[in-house]
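Structure first, commentary second.
The first residue of the sequence shown is numbered 1, and numbering continues consecutively from there.
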Amino acid sequence: MDEKRTGILRGVGITRSFGRHSALAGVNVEVEAGRCLAIIGGSGSGKSTLVRILLGLDSPTSGSVDYRGLPVSGPRSAGYRALRRESGLVFQNPFASLDPRWTVGRSIAEPLAIGGGHSGDNSSDHAVSGRKNTDGWSARLGGLFGMGGRRRLSHDRLRGRAARALALTGLDPAEFLDRYPADLSGGQAQRVAIARAVVAEPNIIAADEPMSAIDVAARLQILDAFAAIREQRPNTALIIVSHDLGVVQHIADRILVLHEGLIEQEGTVAEVLGNPTSDYTRQLVAAAQW
């Protein structure tokens, strides 16, 4: 029997309307600690809108969201502030989310400057840091620390934390920390984006179509990166948005199928793939590239 996990992020009766168009209609969803929820559906199904609402980046027309029991109801709400500190995002196009003027290391370290770098790990961060800083990014980011009573992180800890996150995705810090986005392939850039999402050790990682813009070989590398993250950080929740059941079957624990803003089916991977209960889910299963 599957071990019961704690639901840390919940949406109840989520409805989102844009004028006369209903993007979501009464959706209930729960994200459990240490589990991967895949939200599946075609273009316009409402999956990205649902994730934006769950993370407080958009507001529902009706319904509610809570994170660890705290309401997520606008930028001043306790749940929203906690989510900002304790979540990481991976977008579809990594190059659009990486500043071309920044090295890989500086981009990965950015969330530590914003969030304060709350890791309790006291290990020697510089052990995997690779080459020395060449663009001064750690000094500039390090200068942002200490505001609001936050602890200032040293050059070595900034670079070391970035290096450890990069190594977790399967990229060698000595080779990649001082590169720029223009020097990366699509798959490498997406793994850099994943490293940035996990560097502050968030409770929740949300990835919106992270494999749709890269080739098949790179998709396997991304899946391996997510698998490594889940193995090393077993309590981290993962939300994957995709249109392809074949991609997520290897990493998801549960699947939620959306179609035109409604839940078509929800269950474990085995339940959804082995016993699709709607015509739409059967079409997705038939179209999956196994």
Could you go through Asp66 and Val72, starting from their C-alpha distance and side-chain angles, then the distance that decides it, and tell me whether this counts as side chain to side chain contact (heavy atoms under 4.5 Å, CB included)? CA-CA 5 Å; Asp66 68 78; Val72 181; 5.6 Å; no

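- No side-chain donor-acceptor contact under 3.5 Å links Thr49 to the backbone of Ala23.
- The minimum heavy-atom distance linking Gly186 with Pro94 is given by the pair O-CG, 4.0 Å.
- In this structure, Arg68 contributes its side chain and Leu9 its backbone to no donor-acceptor pair below 3.5 Å.
- Atom CH2 of Trp102 sits about 12.0 Å away from atom CD1 of Ile108, to the nearest 0.5 Å.
- Looking only at distances, a side-chain donor or acceptor of Ser22 sits under 3.5 Å from a matching main-chain atom of Leu24.
- Annotation: the span from Gln249 atom CD to Ser242 atom OG amounts to 11.0 Å, rounded to 0.5 Å.
- Looking at Ser77, its side chain does come within 3.5 Å of a backbone N or O of Gly74 through a donor-acceptor pair.
- A distance-only check finds a donor-acceptor pair linking the side chain of Gln188 to the backbone of Ser185 [under 3.5 Å].
- Of the candidates Val269, Val248, Ile240, Ile255, Cys36 forms a side-chain contact (heavy atoms from CB on, under 4.5 Å) with just one, namely Ile240.
- Looking only at side-chain heavy atoms (C-beta outward), Val90 and Asp208 stay at 4.5 Å or farther from each other.
- Placement of Val65 and Leu70 in two distinct hydrophobic clusters is found when ILVMFWY residues are connected by side-chain heavy-atom separations under 4.5 Å, directly or transitively.
- Between Gly13 and Asn28, the shortest heavy-atom distance links the atoms N-OD1, 2.6 Å.
- Between Arg191 and Asp224 there is no salt bridge, since no side-chain N of the basic residue sits under 4.0 Å from a carboxylate O of the acidic one.
- No chain of hydrophobic side-chain contacts below 4.5 Å, direct or via other Ile, Leu, Val, Met, Phe, Trp or Tyr residues, connects Ile194 to Val241.
- You'll find the side chain of Val27 reaches within 4.5 Å of the side chain of Leu50, heavy atoms only.
- Ion pairing of Glu32 with Arg254 is absent here, as no side-chain N (NZ or NE/NH1/NH2) approaches a carboxylate O to less than 4.0 Å.
- Between Val51 and Ala206 the shortest heavy-atom distance is CG1-CB, 4.1 Å.
- Evaluated for a side-chain hydrogen bond (donor to acceptor under 3.5 Å, both in side chains) with Ser278, the options His259, Gln265, Glu264 yield exactly one hit, Glu264.
- For Arg219 (side chain) and Met211 (main-chain N/O), a donor-acceptor pair under 3.5 Å exists by modelled atom type.
- Between the side chains of Asp178 and Thr103, no donor N or O sits under 3.5 Å from an acceptor N or O.
- Considering only residues two or more places apart in sequence or on other chains, Arg196 meets the salt bridge (Lys or Arg N to Asp or Glu O under 4.0 Å) condition with Glu110.
- The two residues Leu158 and Ala109 make their nearest non-hydrogen contact at CD2-CB, 4.2 Å.
- The cluster map of Ile, Leu, Val, Met, Phe, Trp and Tyr, joined by side-chain heavy atoms under 4.5 Å apart, puts Leu112 and Val104 in the same cluster.
- Considering every non-hydrogen atom in both Ala195 and Thr169, the closest pair reads N-CG2, 3.8 Å.
- Side-chain contact between Leu258 and Ile40 is absent, with no heavy-atom pair separated by less than 4.5 Å.
- A donor-acceptor pair is defined here as one N or O able to donate and one able to accept, closer than 3.5 Å; no such pair exists between the side chain of Lys47 and the backbone of Ile39.
- The two residues Gly267 and Val272 make their nearest non-hydrogen contact at N-CG2, 3.8 Å.
- Taking 4.5 Å as the limit, every side-chain heavy atom of Leu238 sits out of range of all side-chain heavy atoms of Ile204.
- Rounded to the nearest 0.5 Å, atoms CZ (Arg16) and OG1 (Thr61) are 4.5 Å apart.
- Following chains of ILVMFWY side-chain contacts shorter than 4.5 Å, one can reach Leu223 starting from Leu168, so the two form part of one hydrophobic cluster.
- Using a 4.5 Å heavy-atom cutoff, the side chains of Leu37 and Asp253 are not in contact.
- Between Leu89 and Phe91 the shortest side-chain heavy-atom distance falls below 4.5 Å.
- Side-chain atoms of Arg76 and Tyr80 include no donor-acceptor pair closer than 3.5 Å.
- A donor-acceptor pair under 3.5 Å is absent between the side-chain atoms of Gln190 and the main chain of Gly187, judged by distance alone.
- Residues Tyr180 and Arg101 have side chains not in contact (no heavy-atom distance under 4.5 Å, counting atoms from C-beta outward).
- Judged purely by atom type and a 3.5 angstrom limit, Arg230 uses its side chain to pair as donor or acceptor with the backbone of Ile251.
- Here the straight-line distance linking atom OH of Tyr67 with atom CZ of Arg84 works out to 13.5 Å at 0.5 Å rounding.
- The backbone N or O of Leu83 sits less than 3.5 Å from a side-chain atom of Ser87, completing a donor-acceptor pair.
- Side-chain contact between Phe176 and Leu184: present, with at least one pair of heavy atoms (C-beta onward) separated by less than 4.5 Å.
- One finds the OG atom of Ser107 at 11.0 Å from the CG atom of Leu166 (value rounded to the nearest 0.5 Å).
- Interatomic distance, CZ of Arg106 versus CG of Asp99, reported as 7.5 Å (0.5 Å rounding).
- Hydrophobic clustering (ILVMFWY, side-chain heavy atoms < 4.5 Å, transitive): Ile14 and Val31 are in one cluster.
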